[in-house]
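Because the structure is a prediction, the values reported are computed rather than measured. Residue indices begin at 1 and follow the sequence shown. All values below were derived from every heavy atom in this structure, side-chain atoms included, with hydrogens, water molecules and symmetry-related copies excluded.
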Amino acid sequence: MNVEVDPVLCESHGQCEFAAPEVFSLDDEAVLHIDHGPVASLREAVHRAARACPTRAIRIAE
């Protein structure tokens, strides 16, 4: 699985971090850090994060 976030669409709402904190994290300056290749066991959490994103900035390639 490969995870990408469109930096133009991302508005740092943080919903992805709540859904999958092992994959997404916002630092103190609201910069998003991403594990672009998370382990397979986090698949459902990553998909949950993508669904929770209000701007639909998260893209997942299986």
Between side-chain atoms of residues 48-55 and protein atoms elsewhere (two or more places apart, or another chain), which donor-acceptor pairs fall under 3.5 Å?
{"from": "R51", "atom 1": "NH2", "to": "E44", "atom 2": "OE2", "distance (Å)": "3.1"}
{"from": "T55", "atom 1": "OG1", "to": "L9", "atom 2": "O", "distance (Å)": "3.0"}

Check against side chain to side chain contact (heavy atoms under 4.5 Å, CB included), V3 and D35: CA-CA 7 Å; V3 181; D35 176 356; over 6 Å; no
same_hphob_cluster(I60, V39) at 4.5 Å side-chain heavy-atom cutoff: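 As far as the 4.5 Å side-chain criterion goes, V39 and I60 are connected within one cluster.
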Heavy-atom closest pair, residues S12 and A30: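 Closest approach of S12 to A30, heavy atoms only: OG-O, 2.8 Å.
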Kindly give the heavy-atom pair with the smallest separation between A19 and P21, and that separation in Å.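 Closest heavy-atom pair between A19 and P21: C-CD, 3.7 Å.
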Taking atom [atom1] of [X] and atom [atom2] of [Y], what is their separation to the nearest 0.5 Å?
{"X": "E17", "Y": "L26", "atom1": "CD", "atom2": "CG", "answer": "5.0 Å"}
{"X": "I34", "Y": "C16", "atom1": "CD1", "atom2": "SG", "answer": "7.5 Å"}
{"X": "L42", "Y": "M1", "atom1": "CG", "atom2": "CE", "answer": "7.0 Å"}

Going by side-chain heavy atoms closer than 4.5 Å, which hydrophobic residues are tied to F18, directly or by a chain of links?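 None; F18 is a cluster of one.
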Decide whether E11 and H13 meet the rule of one side-chain donor and one side-chain acceptor closer than 3.5 Å.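 Indeed, the side chains of E11 and H13 share at least one donor-acceptor pair under 3.5 Å.
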